[in-house]
Amino acid sequence: MECSWEAFLPNILEDLTEEEMGKFKYQLKNIALAKDYSHIKRGTLQKANTAALLAETLIQHYGEEYSKTVTHDVLIAINQRNLAEMIISKMVKSEASMGKSGKKPIKRKQDHETKPDEAKLSKKIQNLIFSMKPNGSTTHWAKPQTINDTEETNKNQCFDDLIQRLNLECYYAKKMTKVNFLLINKISFLDIQPTAERELPYCFLEKLLALDYNLRFLVYRKTISNLSQAVTIESERNLSRFEGFFMIKEGHSAPIPTYIHPMDIQMAIFHCADDFTRQFILTKLSICQFALPFLVPNPHNSQVEVPLWSLGQIRKSWKEVKKLGWETKIKNYDNQLISSQPTHIVSFIRIGNFVSTSKSQILNLLLSKGKHDHFFHDHFGKNNKNCLLMAGMVEICWFCPGGRAEDRFENCIAFTNLHGNAEIHEKQAKFLHEVSSVTVLLLSASENGSGSAKMNTSILHKFWNPHKPLICLFENVENILDEKYAPNKVRIGIKNLNKVELADKITATLTQLLKESASPCSLNNCANIARKYEFIIDENQRHLQEAGRKADSIVDLLRKVKLSQIKENLLPLQGQLWHDWCKKDQEFYQLREKGNKNIEQYTNEIEKEKQNIRWEQYHKVVHLNGLMESFIQSLQSHPETHTELYFLQRLSLLIEQLTKTDLETLYQRHHFLLTQVQTEKLKQSKTGSIRLWEADLEAISREICDSTLAPEHLLRELGQIYEALEETSSQTNPLYLSVPQIAADLMVSGVPIELMDGDASYVPLKWVAAVFDKVSEKLGDKKIFVLSVLGLQNSGKSTLLHAMFGLQFSLGTRKYNQGAYMQLLKVEEIFREEVGFDFLLVVDSEGLKAPQPMNKAQSKENVLATFIIALGNLTLVNIWGPNLSEIQDVLQIAVHAFLRMKQLNTSPGCLFVHQNTEETIDTNQSLAKRQQLQEKLDGMALAAARCEQCSDVHCFSDVIKFDIRTHIHYFAHLWEGNPPMAPPNPCYSHNVQQLKSRILKFAKEESRGSILKISEFKVLIWDLWKALVKENFIFRFKNTQEVVAVAKLETAYNAWTWELRNYVLDLQNKLIKQIWNEFAQEIPINSVECQVARKYEAIKRELEKYFREDQDRDTLAPWRGKFEDDLKTLKKELVVETIKKCEDVINGKKIQDLIKVQKVKIEHKLQEKIRDLSMSGKNTELHENELRDMFHKIWSENISTVLPPLLPIADDPNVDVDLENILLEHFKQHPHIVSKIRYRGTKKPFSINYSKHVITSQTSQISAPSVEDFEKDIIMNTTAQIMKAVKEAINIREQSSQGYSSSHFHEILQVIDTQAAAATQGLAFVLSNRYKLELALELFQEAANSFKRMCAAFKRANNPVLCLEGQKEEIFNDFKLSCQNCSNIH
């Protein structure tokens, strides 16, 4: 027994979700009704809150027959076509059962005889339904029509319903921006399987972002309830359980699933996306090796759009094989913009409705032998044929050969596919035929034969162009009789051909026809043909054209200058002036070239030089060139059209075209020279050619640097404009306010902004601070979670960021990303409270170990890595392969630097990603790998802690937060197969999604106090960079092992050099005694050099032995030259000092002897003067002033005869400068050494601080043990002994009258080092470097006063002028006494 309408209708309505039920009631109140029928009242509908009540209400209000029509129309209106068809099916069966029940039983007919009757019955019911529609309704029908006609009439409504179901109403049309696309939301955080239809677009985009080609299977499945419940209980009772299991009655068939087609999701998003988002989506789809929309019908009208601008960023790489006789050459096309590349176009077009063969499947066979579904087809998934938005659309996909023998084609070919019947979409078919090199038609022979379904032959005439190659594929023909047609017209019967045979046959035919076809055509050239067909081209938009004109004008200015001179002439602020300022600023804190100037004097000079550089920049800002004026004007914000963003992208492409050829030539030359130099070095060649090649290599490197140009360089110039105006107090200049606002607007729009200048390796602090201030004004002082990214060059870091967050940090495309860039990602508002921040700031850095054109110092990479890690709440360390060795050196230096910059109080986290390394399934083996990494990291941290004498660091996580369970990720290989046609590996995409979820979970778990506001992050950048610039020691090393090895070597070196210094001091003492004892009248230079050389050679042999035999000899090899040169320089300095001191003593001795003679002469003349006074009879009792005047006259008259005619002028030794330089060199490893020396005069007297001056053993203690009382006694006694020994040494030197030597300071250091080491030998503690430094500061300061006295005494004793001046008063007193005696006699 068939179920009644009253039982059937509630089951239909129960299959509607709550949201769909609401839509059903809404349409029920608004749908047009037949005459004499009225809408159900709103209150009545509200009360019908269940499917059963609503069904009852419908039947009561409209009656049983008309309620079927109303229900059917409403279901169609809300896009529930499957349910509507079930109503038709129900009515057909009901009519059939009624007909049978009114007739006598007759002989059963065959199946083929009954089907026409059922079809007629279905048609009758459909006519009945639509005849009941009102004449005045929007769906007015002049005659009974089919369901297909109804669907066509409701096409707009269906699209609107689709948009509504996908929750995209607010984005239609073209309102979805990249900021919306890249939004951090709950789907990013959790599993990306949809739980409702409204989540489908966001899940689709999340999968697309991660390059997961399984997005084509993305559905939200909602099945209709089993209709067996609608079958009456009575009918089921008539069947036994046995019969019921093996028999399927009508109405018991499986329910038809109803869900949104994946291609409808893609195209609905496409219609809602703005130009930049479309471009981004198409780029991602291209990486996934999917076909892209080429001709897109508008869902609301008959217009067709060509998204040429959206396709403008698609890049492809391929290798073309060219055969020249017996020789085969492969030409590489790397990262080419495919829209501007001429390629042959092959178009596949279906004619007729009765073709069952899938064009898409054929194309997939041609493109990748069916290994990947580039084109979506009906057989992709069961019951997945009801696609709304693909009809009339043309997709395009490129075959890119890899230069391999198994490639189907030797050249790059574009394949297009028209979805639907060409008879309906005639305009698209004509366009494709016109632009194609070969057209492939798919049709059924029956449609063009004697069958009842006749084909529209008029459209076939359009393809019968005698000059255009044409292939016709007949699906129901096995073999086609050869007939005489034109050579470029080919017919192929494809019936019973397997996939391989079909693909091979089409491939051979296409290869032959393409050889004879017309010239290839680029997509840009297709635009002119598209205009003829009145297609809409996105490039023709007014604001896009305006942006293009502005970019063209900029590049016109660039073309007027030689490429390698553009930066110097048009971007002068970021050139040598900025680089000089950076060097001066660094030297201000590090004092590496201080020389013989004291710190205050030297730093004041540097400040003046820095200011002068800024004034030079300022004068160039005042007279700003036309390039920068145009650039600044073009970047003015246009919130409605975002013209500035179109301008930047267009400018990037034009600059790439401008620089591409020259840079390729330069890189080829650079590669050749580099290979030559490396080859010669391996041979250990000492020929002059290697020096010439190195000089050429350096010159080419400079030219590459000068010729590398991108929009980033113009944006960098804005920063220097601001810094020059800020430091010259020119805040009234309009640019002072406008340029940081421009950068802030770009940053908020998703454009990456440079944080660290990659060429200068420096952070323009004031510029960065100003940009953040403007961002804060625009967004509010929001909280930001900072994700830093660190990795080796070519380790997949950029690909990972692009797959995880959609970030592309470099606007240019033909250079390595240098320095550090930052980019903002918005967090969805409803998700902010859960994660605790408003924006994610990603800071990306240039790849470490990159093959840079200019050799970058090791220190710059170390500074960059430390800066990147310290900035982030979490740092993503990207590694290629399972081995950490290539990056562990830089990582270890960063850890070491953190220990030295404790004042920053940073506590970053660290997460490791091993690319191209799938995680082991074996849990034990996987854990062992993780523990090995943990041990390596802990070893690095402990080595750095021992070097820095930090007793509170026992493992890596004490410095950087790290958990081996969750902070190590293994990534599968990026590609599933061999590029260039390989799609991304789904495992890689899954790894990306897991990593992104892990990062967001880490952010959620992070302490809210460590997530900074924008204003706080700005301060952190300032403090961090200042700390890094002041660090003058650790960054010059490769790793901590090198630091320890060099420190050990320096300890030995200091001992050896003290031996040499002490030897020379003894030699000086010996020679001076010989001079004073008149055993030597002069000291030959050769004699001194020979005596010093003997000791020098002995020490040199010790140094060579150390480099030869020490266990760290390989690590120390690069340092050998430095230490040998330093020792040689010290020997020369000591020889010069000894010779000078001996000469001073010799001169002093000669003067002393001369003074003895001249003193007698002067005294004799004075006595004569006294006698003359006495004999003259004058009163000899003269006043002292008169005597002094008389004495001065005699002295002045005779002094010239005493002094030698020429006196050498010698610089006095500067004791304070020596003090500073010796401390800077000896304690260079100590953090903040410059400030400690600079402000030494303000320090309190030395006192022992046990927590800072004593380092306890780090064996197994979790925390450092306290210092015992007996140990305190040892430390206090040691300190007292050191002070006593130093004072005694100073007294001995002072009494020796040998004068001052800088070696005396070294003697103090030697006393401190030896006695401190001896006192703690064998004990459980050591005295820290800080103890030695602070004690040395105290003793140096006291000793400096004694050394100054020694210097003055030596000068007085050995300088003729000072010696005579010292004798002058003594002689006057003798003269005065003689005068008094003479007066007394008289």
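Since the structure is predicted, the reported quantities are computational estimates derived from the model, not experimental observations.
Panel note: side chain Lys797, backbone Ser845; a donor-acceptor pair is recorded below 3.5 Å. The backbone N or O of Glu727 sits less than 3.5 Å from a side-chain atom of Gln611, completing a donor-acceptor pair. Under a 3.5 Å cut-off, the side chain of Thr866 and the backbone N or O of Asn862 do form a donor-acceptor pair. Checking side-chain atoms of Glu568 against main-chain N and O of Gln565 turns up no donor-acceptor pair under 3.5 Å. Side-chain N or O atoms of Gln731 include none that pairs as donor or acceptor with a backbone N or O of Leu725 at under 3.5 Å. A distance-only check finds no donor-acceptor pair linking the side chain of Gln915 to the backbone of Phe971 [under 3.5 Å]. Counting only distance, with no hydrogens or angles, the side chain of Lys996 and the backbone of Met804 share a donor-acceptor pair below 3.5 Å. For the pair Asn873 (side chain) and Ser1010 (backbone), a donor-acceptor distance under 3.5 Å is present. In this structure a side-chain-to-backbone donor-acceptor pair under 3.5 Å is present from Gln617 to Leu573. Checking side-chain atoms of Asp781 against main-chain N and O of Ser1015 turns up a donor-acceptor pair under 3.5 Å.
The CD1 atom of Ile632 lies 9.5 Å from the CG atom of Leu714; values are rounded to the nearest 0.5 Å. Here the straight-line distance linking atom OH of Tyr821 with atom CD of Glu754 works out to 4.0 Å at 0.5 Å rounding. Between Gln1041 atom CD and Gln892 atom CD the span is 8.0 Å, to the nearest 0.5 Å. How far CG of Leu563 is from OG of Ser707: 4.0 Å, rounded to the nearest 0.5 Å. In this structure, CG in Leu937 is found 7.5 Å from SG in Cys910, a value given to the nearest 0.5 Å. Rounding to the nearest 0.5 Å places CE of Met628 at 8.5 Å from CD1 of Ile554.
Residue Arg900 forms a side chain to side chain donor-acceptor pair (under 3.5 Å) with just one option from Glu1031, His1232, His1230, Gln1229, and that option is Glu1031.
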Given side-chain contact (heavy atoms from CB on, under 4.5 Å), test Leu1000 with Val835 step by step and report yes or no. CA-CA 8 Å; Leu1000 294 176; Val835 295; 5.6 Å; no

For salt bridge (charged side-chain N to carboxylate O under 4.0 Å, His left out), just list the numbers for Glu712 and Arg716, CA-CA rounded to whole Å, side-chain angles, deciding distance to a tenth of an Å, and then say yes or no. CA-CA 6 Å; Glu712 291 98 320; Arg716 183 185 296 168; over 6 Å; no

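The closest side-chain heavy-atom distance from Val768 to Val763 is below 4.5 Å.
Heavy-atom minimum distance, Glu593 versus Tyr602: O-OH, 3.3 Å. Between Pro764 and Gln720, the shortest heavy-atom contact is CB-NE2, 4.2 Å. Here the closest non-hydrogen pair linking Gly796 and Asn878 is C-ND2, 3.7 Å. Closest approach of Val1029 to Gln590, counting heavy atoms only: O-NE2, 2.8 Å.
Ring planes of Phe1002 and Phe785: perpendicular class, angle over 60° (limits at 30 and 60°). By the 30° and 60° cut-offs, the orientation of the rings of Tyr762 relative to Trp578 is perpendicular. His670 and Tyr667 have perpendicular rings, their planes meeting at more than 60° on a 0 to 90° scale where under 30° would count as parallel. The aromatic rings of Phe280 and His802 sit tilted relative to each other, their planes meeting at an angle between 30° and 60°.
Between Phe962 and Phe912, the distance separating the two ring centers is shorter than 6.0 angstrom.
Asn612 and Glu616 are not linked by any side-chain donor-acceptor pair at a separation below 3.5 angstrom, with hydrogens and angles left out of the test.
Judged as a ring pair (Phe, Tyr, Trp, His ring centres under 6.0 Å), and not counting sequence neighbours, Phe805 has no contacts.
Atom NZ of Lys1228 has more than 12 heavy atoms from other residues, nucleotides or ligands within 6.0 Å.
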